Engineer: 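To start, I am sharing the structure in question, which I have written as structure tokens.
Everything numeric in this text was worked out from a predicted model, so none of it was measured.
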Amino acid sequence: MPVINLPNVRLHVQELNPEGEETLIMVHGMFSNLAVYYFNIAPLLAKHFRVVLFDMKGHGMSEKVQTGYDLTSMTSDLRDLMDVLGIEKAHLAGYSYGGLVALKMAARFPERVGKLAIIEGPDPSEQETLTIIDTYSKEFLIHYIENFADTTRLLAGKRQLEKNHRMYEFLFNETSIRSDMEGEKGFFNDRAVAAIQHETLLIYGEASNCVPSGRTLASKIKNATLVLVSGDHNVPVQQPEVIGRELEKFLEPSPLPVG
Amino acid sequence: MDQLIQDKLSKEEIFETLHQFITEVIGEEFVEEMDITPASSFTKDLEMDSIEIVAFSEKVKNHFGSNIDFTGWLSNMDLDEIIQLKLENIINYIQECQ
């Protein structure tokens with residue numbers, strides 16, 4: 001299993017089309033893993049790009065660590081990953097909390113980021129995730145998995161339920177994830193976000209309660225375009241081919257004029 | 001000395017290999033409780049989630065080589081087809097690729 005040692009953490013990484021000229025790095029959301037991209041969205045984009053997927057710390061098959069779930073630590077991990085893989089500059093796509101990681105990356109290391117695609121990035125000052133963390137219980141988890149998790153349409157059996165339960169127990173009770181996410185509440189008002197110059201695509205599901213977050217970002221980031229597609233917050237799972245095509249259209253360099 | 005080289009693995013041999021991979025991915029303690037057969041489906045019978053299928057795909061790729069574009073094959077399926085996917089579908093696919 002390709003697990004890469006970084007200075008602070010060991011991350012599970014998957015690469016598609018390693019020979020691709022330009023690189024696209026895709027960042028998943030909280031309580032999820034790289035599988036959200038692996039089967040449909042990433043293979044489509046790997047026709048044009050070297051695609052790098054990784055599991056965030058504490059998620060998927062990456063190392064379980066107790067601290068460092070804030071955006072600064074997360075982007076330091078990502079910069080370290082780029083260094084280790086020899087990637088000078090990459091396009092970034094991030095979903096949900098991963099979208100915030102991508103934004104923070106563009107703000108902190110603008111020269112390392114090409115184009116920026118944010119899928120359903122929530123405004124941390126109003127996101128429900130924090131409420132979700134507070135109301136966490138196993139009963140709630142069953143409801144959450146059935147309605148919101150990336151595994152939505154894969155019916156959760158007993159072993160999966162236990163596995164998810166263990167993940168939530170670990171992240172909620174043994175790590176700093178709650179306080180780290182709390183600490184990011186002011187992120188959308190960070191001047192560095194408004195100063196992002198990158199060409200930015202904001203993709204939101206029209207039925208998602210994150211749409212206002214998308215509008216906020218569209219008003220703050222100069223070169224941002226907001227696209228609404230049918231679906232809700234789970235749109236990458238509901239419509240992977242739509243998300244894949246939107247990203248493809250946005251990232252693909254326009255063909256050189258013939259003649 | 002001439003030697004007959006058996007260049008194609010039988011379905012049984014492929015099944016044994018895949019069975020081993022499944023055991024490695026989901027753990028022996030769970031596999032012991034299951035009756036894994038070629039008719040077992042990944043999500044319903046084996047209760048594998050997507051990240052476990054990623055791990056399983058890696059093992060298939062590393063073992064059977066680059067002739068088998070397992071991820072590419074899976075990426076042509078929609079989620080409902082992946083949910084329906086049975087071990088025997090993969091055995092057949094690997095045999096065809098040999």
Engineer: So does E29(B) have more than 12 non-hydrogen atoms from other groups sitting under 6.0 Å from CD?
Structural biologist: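 Atom CD in E29(B) is packed in, count exceeds 12.
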Engineer: Which atom pair, heavy atoms only, marks the closest approach of N40(A) to S75(B)?
Structural biologist: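 Heavy atoms only, the tightest pair is ND2-O, 3.5 Å.
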Engineer: Do K163(A) and I51(B) touch side chain to side chain, with heavy atoms closer than 4.5 Å?
Structural biologist: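 Contact flag for K163(A)/I51(B) side chains = yes.
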Engineer: Assess whether atom CZ of R79(A) is packed by more than 12 heavy atoms of other residues, nucleotides or ligands within 6.0 Å.
Structural biologist: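 Yes, because the 6.0 Å sphere around CZ of R79(A) holds more than 12 heavy atoms from other groups.
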Engineer: Do Y38(A) and S50(B) pair up side chain to side chain, a donor and an acceptor below 3.5 Å, judged on atom types alone?
Structural biologist: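 Result is no, nothing qualifies.
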Engineer: Looking at Q95(B), I'd like to know if its CD atom is crowded, meaning that more than 12 non-hydrogen atoms belonging to other residues, nucleotides or ligands lie closer than 6.0 Å.
Structural biologist: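 Enclosed: over 12 neighbouring heavy atoms sit under 6.0 Å from CD of Q95(B).
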